[in-house]
Participant: 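Structure incoming, see below.
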Amino acid sequence: MSKFKEKVFEIVRRVPEGKVVSYGQVALMAGIPRAAIQVGWVLHISDESDKLPWWRVINNAGRISTTCLEHTAQNQKEKLEKEGVKVTKNLKIDIEKYRFRPNPKFLQNLSLEDEYIFKLMEKYGI
DNA sequence: GCTATGACAAGGA
DNA sequence: CTCCTTGCCATAG
């Protein structure tokens, strides 16, 4: 398994209940700032959907964007609402309200370079 | 190593 | 706000 996948798993696995992250945010925390679409790919091919809270990952526009037949958008909506995250009928979410902002220690465990930590602070106010 | 493929992002219309 | 286009980059073939 590639480093990239491992990082994505590590990060998504630690997103707490009732919180969400964007694909781009996960990509940045994985050390590859513009690989947001690959994050979606990792979640898509993952067969560990029971261990991985994939439904807490949405796009930066605050929208559910899965097209996966086994993990539908409606399915994701239900899981999120069960955790207290409000999702409109148009599958939109107030992402800034629920966004997961990891503490410095979390980022240290990922051995993330300062450059990326700075970008996270700049973009998401971590 | 090259091309096609996306559960994306950002900016323009 | 909603589409559309362009840029991105890890994988699959």
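In what follows, every chain begins at residue 1, and chains take the letters A, B, ... in the order their sequences are listed.
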Participant: Please determine if a side-chain N or O atom of A:S2 lies less than 4.0 Å away from the OP1 or OP2 oxygen of C:dT11.
Facilitator: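 For C:dT11, OP1 or OP2 has a side-chain N or O of A:S2 closer than 4.0 Å.
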Participant: Applying a 4.0 Å non-hydrogen cut-off, can you work out what A:K92 is touching in the nucleic acid: base, sugar-phosphate, or nothing?
Facilitator: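 Sugar-phosphate, backbone atoms only, no base.
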Participant: Do A:V26 and A:Y124 belong together in a cluster built from hydrophobic side chains that touch within less than 4.5 Å?
Facilitator: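 Yes, one cluster joins them.
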Participant: CG of A:L69 versus P of B:dG6: gap in Å, rounded?
Facilitator: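 To the nearest whole Å, that distance equals 13 Å.
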Participant: When the distance from CG of A:L91 to C1' of C:dC1 is rounded to whole Å, what number comes out?
Facilitator: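 These atoms are roughly 16 Å apart.
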Participant: So which one's nearest nucleotide on DNA chain C is more toward 5', A:V42 or A:R34?
Facilitator: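 Whichever sits nearer the 5' end wins; that is A:R34.
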Participant: Linking I/L/V/M/F/W/Y whenever any side-chain heavy atoms sit under 4.5 Å apart, do A:I95 and A:L28 land together?
Facilitator: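 Cluster IDs for A:I95 and A:L28 match.
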Participant: Select from A:N90 and A:F4 the residue whose nearest nucleotide in DNA chain C is closer to the 5' end of that strand.
Facilitator: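 Going by which nucleotide is closer to the 5' end, it is A:N90.
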Participant: Which atom pairs, one a donor and one an acceptor, fall under 3.5 Å between side chains of residues 29-36 of chain A and the rest of the protein, sequence neighbours left out?
Facilitator:
none

Participant: Given B:dA7, C:dC9, C:dT11, which nucleotide is nearest the side-chain atoms of A:T66?
Facilitator: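 So the side chain of A:T66 is nearest to B:dA7.
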Participant: Tell me if the centroids of the rings in A:F100 and A:F106 come within less than 6.0 Å of each other.
Facilitator: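 Ring centroids of A:F100 and A:F106 are less than 6.0 Å from each other.
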Participant: Measure from the side chain of A:S65, starting at C-beta and using heavy atoms only, and say which of C:dT2, C:dA12, B:dC8 lies closest.
Facilitator: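 The answer is B:dC8, which lies nearest to the side chain.
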Participant: Considering every strand and a 4.0 Å limit on heavy-atom distances, what is the contact class for A:I64: base, sugar-phosphate, or nothing?
Facilitator: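 No contact.
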Participant: What I want to check is whether the side chains of A:W55 and A:E83 have a donor and an acceptor closer together than 3.5 Å.
Facilitator: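 Yes, because at least one side-chain N or O of A:W55 sits under 3.5 Å from a partner of the opposite role on A:E83.
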Participant: Starting from P on B:dG6, measure out to CD1 on A:I37 and report it in whole angstrom.
Facilitator: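 After rounding, the reported distance stands at 9 Å.
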Participant: Output the rounded distance in Å from CH2 (A:W41) to C1' (C:dC8).
Facilitator: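 The distance from CH2 of A:W41 to C1' of C:dC8 comes to 16 Å, rounded to the nearest Å.
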Participant: Check the phosphate of B:dC8 against A:R63, side-chain N and O only, distance under 4.0 Å to OP1 or OP2. Yes or no?
Facilitator: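 Checking B:dC8 against A:R63, no side-chain N or O comes under 4.0 Å of OP1 or OP2.
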Participant: For A:L28 and B:dA10, what is the distance between atoms CG and P respectively, to the nearest whole Å?
Facilitator: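 In whole Å, B:dA10 P and A:L28 CG are 11 Å from each other.
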Participant: For B:dA7, does either OP1 or OP2 sit under 4.0 Å from a side-chain N or O belonging to A:N59?
Facilitator: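 So the side-chain polar atoms of A:N59 never come under 4.0 Å of the phosphate oxygens OP1 or OP2 of B:dA7.
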Participant: From CG of A:N60 over to C1' of B:dA10, roughly how many Å is that when rounded to an integer?
Facilitator: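 From A:N60 CG to B:dA10 C1': 9 Å.
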Participant: Tell me: CG of A:L43 to C1' of C:dA10, nearest whole Å?
Facilitator: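 One finds 14 Å between C1' of C:dA10 and CG of A:L43, rounded.
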Participant: Can you see if the side chain of A:K123 gets near the phosphate of B:dA10 - specifically, an N or O under 4.0 Å from OP1 or OP2?
Facilitator: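 Yes, because at least one side-chain N or O of A:K123 sits under 4.0 Å from OP1 or OP2 of B:dA10.
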Participant: Assuming nearest nucleotide by heavy-atom distance, tell me which of A:Q38 and A:G24 is located more 5' along DNA chain B.
Facilitator: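 It is A:Q38 whose nearest nucleotide is closer to the 5' end.
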Participant: Measure from the side-chain heavy atoms of A:T67 and tell me the nearest of B:dA7, C:dT11, C:dA10.
Facilitator: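 Taking heavy atoms from C-beta onward, the closest nucleotide is B:dA7.
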Participant: In whole Å, what is the span from the NE2 atom of A:H44 to the P atom of B:dC8?
Facilitator: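 Rounded to the whole Å, the gap is 11 Å.
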